[in-house]
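Reviewing the structure listed below.
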Amino acid sequence: MPELPEVETVCRGLAPKLEGRRIAKAHVKTAKLRFALPRDFSEKMTGARIMRLTRRAKYLLADMRDRQDNGFYWLSHLGMTGRFTWHETKGATGFDPTRYAHDISNEAAVRHIHLALELDDGSHLTYADPRRFGFMDIIDAALDTNRFLAQIGPEPLGNRFNEAHLLAACENRQTPIKNLLLDQHIVAGLGNIYVCEALFRAGISPRRKAANLGAKRAARLVPAIRAVLDEAIAAGGSTLRDFAASDGALGYFQHGFAVYDRAGKPCSRDGCNANVARIVQSGRSSFYCPTCQR
DNA sequence: ACCACTACCTGAAGGC
DNA sequence: TGCCTTCAGGTAGTGG
C-alpha cells in the first residue's frame, strides 16, 4: 500500500474526476472492511457533493457537502491492498460489478469490489480491496477529534517535522529507529518501504536504538526522508503489484528501490562490496546494507 | 508509558 | 500438477 507517496498519487489522480461532482447513489456491498463502515454511510454519501479531495498522512480526506449544505468529511485508508478505480461509465445505473471488469486488472478482481459510487455525470468510482485491511469513516465533528486522526504525528513533508521534533521523539526510546519511524504518532505517512529507503540514504542502521540517533544522524535523516518521499511522489508512486493509479493504470517508481526487497543483492553504493541484508524487526522485514548503514 | 506481538484477510510465490 | 508454507504496502488492540 500505499504509503504516503502512493496515497498522494491517488489523490492527485482522483481529484479532477471527483471534485465538484455530486454522488447520485452510493452502493455498499461490504459493510465491514478492517472496521465496520458507519451505519449511515450510504445515506450520508448519497446526494452529497465532493467539494475537495486532500491527503493527510496515508488517509484520503474528502471535504463533503450534503443536500442541506451541511459539511462533513469522508475519510478513507487503503490498508495494504485497497484501490480506487474511476470508470467513465456513462448511462448505467445500479451496482453491477461486471460492468467494471474491463478496467480492473486481475489483481483487483471484480469480486473484491466493496463499494461503488455513481456520480452525477454518469461516471463511477469503485473501491476494491482483496484483504479488506482498508477502512472508511464519516466525520461530522472537528477533524482533530476523529479517532483515526486525533493522535497522528506531523506530515513528513511539512515544517512541523524537523530535526528538533525527531530528536525529541527519540529521547529515551529503546525501540530501534526503524520501528520509531513506522509509528504514525511520531511522523505520519511513512511505511515499511520508504523507512528502509530513507535509512539507507541517511546511512543509518535500522537496528540503531532511537535514543542513540544523535543530532548528526538526525540532521541526515530528516532530509533523507523528505527526498525519498518527494522522489516517489514525482515518480507517481511505487511499482507494487497490488497498487494502481486511480485511473486503473499500473506503473510507478520505475527506478526501483535501493534496498527494499533486495536481500542478497549488491549494495548500490559505489565502492561498496557488501550485499543487502534482510532482518525482521517487530515482525516486519527490514532491508539494509550492513556496511553503509551504522 | 513503552514495547513486542497478534489479529485481521486474500493471493502470490517458492519448495517439494 | 498439487499441496504446503511463507510472505506481503496497513493499523488497533493485547499483555508483559
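The sequence lines fix the lettering, A, B, ..., with proteins before strands; numbering per chain opens at 1. What you are looking at is a predicted structure, and each value in this text was computed from that prediction instead of being measured.
In this entry the distance linking CD of A/Gln184 with P of C/dG9 reads 14 Å, nearest Å. If you measure from atom CG of A/Asp261 to atom C1' of B/dA13, you get 12 Å, rounded to the nearest angstrom. As a whole-Å value, the separation of A/Asn192 CG from C/dT11 C1' is 14 Å. Atom CD1 in A/Ile152 sits about 14 Å away from atom P in C/dG10, given to the nearest Å. Distance A/Tyr194 OH to C/dG9 C1': 9 Å, rounded to the nearest Å. As a whole-Å value, the separation of A/Tyr260 OH from C/dG9 P is 3 Å. A/Asp129 has its CG atom 13 Å from the C1' atom of B/dG11, to the nearest Å. Between A/Asp183 atom CG and B/dA1 atom P the separation is 13 Å, expressed in whole Å.
Cluster annotation: A/Ile233 is connected to A/Val228 through the hydrophobic network of ILVMFWY side chains, with a link wherever side-chain heavy atoms come within less than 4.5 Å.
Remark: A/Lys58 is in phosphate contact with C/dG10, judged by side-chain N or O atoms under 4.0 Å from OP1 or OP2. Phosphate contact (OP1/OP2 of C/dG9, side-chain N/O of A/Arg284, threshold under 4.0 Å): present. Put simply, A/Thr81 has no side-chain N or O that comes within less than 4.0 Å of OP1 or OP2 on C/dG10.
Pairing analysis of DNA chain C (Watson-Crick: purine N1 to pyrimidine N3 plus N6-O4 or O6-N4; G-U wobble: N1-O2 and O6-N3; both under 3.5 Å) yields stems of 3 or more pairs at B:2-8 with C:10-16, B:10-16 with C:2-8.
Side-chain contact annotation: A/Tyr194 with A/Glu6, donor-acceptor N/O pair under 3.5 Å present. For the 3.5 Å distance criterion, the side chains of A/Gln281 and A/Ser286 qualify, holding a donor opposite an acceptor.
Using modelled atom types, no side-chain atom of A/Gln293 and backbone atom of A/Pro290 make a donor-acceptor pair closer than 3.5 Å.
With P as the reference atom, B/dC8 and C/dC4 are 22 Å apart, rounded to whole Å. A gap of 22 Å separates the P atoms of B/dC3 and C/dG9, to the nearest Å. The P atoms of B/dC5 and C/dA8 are separated by 15 Å, rounded to the nearest whole Å. When the P atom is used for both B/dC9 and C/dC3, the distance is 25 Å, rounded to whole Å.
Of all heavy-atom pairs between A/Gly189 and A/Lys58, the closest is O-CE, 3.3 Å. Summarising the geometry of A/Ile225 relative to A/Ala198, their closest heavy-atom pair is CG1-CB, 3.7 Å, with the distance given to 0.1 Å.
Between A/Phe148 and A/Phe35, the distance from one ring center to the other falls under 6.0 angstrom.
Taking only side-chain atoms of A/Phe135, from C-beta outward, the nucleotide of C/dA8, C/dT11, C/dG10 with the closest atom is C/dT11.
Contact check on A/Arg226 versus A/Asp230 returns no salt bridge, with no Lys/Arg side-chain nitrogen under 4.0 Å from an Asp/Glu carboxylate oxygen. Using a cutoff of 4.0 Å between basic side-chain nitrogens and carboxylate oxygens, A/Lys25 and A/Glu118 are not scored as salt-bridged.
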## Note on the structure
Going 5' to 3' through nucleotides 3-10 of chain B and flagging B where a protein heavy-atom sits under 4.0 Å of the base, S where only the sugar-phosphate is that close, and - otherwise, we get SS--BBBB
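Applying the ring-ring contact (aromatic ring centres under 6.0 Å, His included) test to residues at least two apart or on different chains, the pairs with a partner in residues 274-294 of chain A are A/Tyr260-A/Phe287.
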